[in-house]
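Quick notes on the structure that follows.
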Amino acid sequence: MDSKRMILAVAVVFVTLVVAGFLIHVTWLGSTYQAMRDGGFSFRAPDALQHRLWLIWLSDLLYAILFVWVYVRGREHTPWLGQGFRYGVLMTLFTIVPSALNDYVTYNLPTCWLLSGWRRGVWCL
């Protein structure tokens with residue numbers, strides 16, 4: 001896949017993630033989240049969420065890049081150990097980093113929890 005098609009694929013995946021996130025979390029689950037907030041669940045205040053929204057977009061962009069890259073790379077004719085290590089690192093970046101960024105933005109979590117989650121993810125490699 002040439003670089004133009006790869007960039008287009010990343011853009012399509014990114015836009016799909018942003019639109020799906022909006023539909024799911026704002027449109028369909030917004031009232032549920034508000035009821036949970038009113039019941040005492042510790043979400044960040046809406047203005048604090050808006051201030052950190054760029055982190056969710058960053059995690060969605062990282063997810064889109066890695067998704068397309070893993071798809072494009074596929075299986076190579078190289079030793080399996082190197083491919084397994086690369087896959088483990090990519091899946092850690094694919095799951096733990098975006099999830100930790102989203103949790104940090106959404107919930108009232110201290111920064112040390114975010115860093116601790118990343119450290120645990122790297123340790124599990």
Side-chain angles (χ1 to χ4, degrees):
M1 179 181 279
D2 63 354
S3 59
K4 287 181 184 179
R5 289 184 67 194
M6 193 165 168
I7 291 170
L8 178 63
V10 168
V12 168
V13 171
F14 175 73
V15 168
T16 302
L17 287 171
V18 170
V19 169
F22 176 80
L23 289 175
I24 292 168
H25 296 291
V26 176
T27 304
W28 297 326
L29 293 175
S31 60
T32 303
Y33 292 157
Q34 187 59 45
M36 291 173 68
R37 184 179 286 113
D38 294 343
F41 192 81
S42 184
F43 285 111
R44 289 196 187 271
D47 58 332
L49 282 171
Q50 291 298 323
H51 179 69
R52 292 178 176 87
L53 190 59
W54 67 273
L55 285 170
I56 291 178
W57 292 339
L58 177 67
S59 73
D60 285 350
L61 181 62
L62 177 63
Y63 189 90
I65 291 168
L66 291 171
F67 183 85
V68 171
W69 190 74
V70 168
Y71 179 80
V72 168
R73 290 287 295 220
R75 185 171 175 268
E76 297 176 340
H77 297 290
T78 58
W80 63 270
L81 186 61
Q83 289 185 60
F85 181 75
R86 181 186 74 210
Y87 183 78
V89 169
L90 288 174
M91 290 305 106
T92 298
L93 291 173
F94 203 36
T95 56
I96 292 173
V97 173
S99 176
L101 283 174
N102 286 337
D103 289 348
Y104 174 71
V105 170
T106 305
Y107 308 115
N108 266 335
L109 298 175
T111 304
C112 65
W113 281 35
L114 173 75
L115 299 175
S116 175
W118 286 353
R119 188 175 56 246
R120 281 190 304 253
V122 171
W123 182 80
C124 288
L125 283 175

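Position 1 is the first residue of the sequence; numbering continues from there.
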So, using side-chain contact (heavy atoms from CB on, under 4.5 Å) as the criterion, who are the partners of Trp57 when residues are at least two apart?
Phe14, Val18, Leu53
Just to verify, what does Val19 make a side-chain contact (heavy atoms from CB on, under 4.5 Å) with, not counting sequence neighbours?
Val15, Leu23
Quick one: side chain to side chain donor-acceptor pair (under 3.5 Å) partners of Asp38, sequence neighbours excluded?
Gln34
Spell out, as yes or no, whether a donor-acceptor pair under 3.5 Å connects the side chain of Ser59 to the backbone of Ile56.
yes
Name all residues meeting the side chain to side chain donor-acceptor pair (under 3.5 Å) criterion together with Thr78; count only those two or more places apart in sequence or in a different chain, and write none if there are none.
Gln83
Minimum heavy-atom separation for Asp60 to Leu17, with atom names?
O-CD1, 3.5 Å
Counterpart residues, ring pair (Phe, Tyr, Trp, His ring centres under 6.0 Å), relative to Tyr63 (two or more places apart):
Phe94
Does Ile65 reach the side chain of Val13, with side-chain heavy atoms less than 4.5 Å apart?
no
Could you check whether atom CH2 of Trp69 has more than 12 heavy atoms from other residues, nucleotides or ligands sitting under 6.0 Å from it?
yes
Under 4.5 Å side-chain heavy-atom separation, chaining through any Ile, Leu, Val, Met, Phe, Trp or Tyr, what else clusters with Ile7? Say none if it is isolated.
none
Sequence neighbours excluded, which residues qualify as side-chain contact (heavy atoms from CB on, under 4.5 Å) partners of His51?
none
Would you indicate whether the side-chain heavy atoms of Leu81 and Phe85 approach each other to under 4.5 Å?
no
For Arg52, side chain to side chain donor-acceptor pair (under 3.5 Å) partners two or more places apart
none
Could I get the full list of side-chain contact (heavy atoms from CB on, under 4.5 Å) partners for Val12, not counting sequence neighbours?
Leu8, Thr16
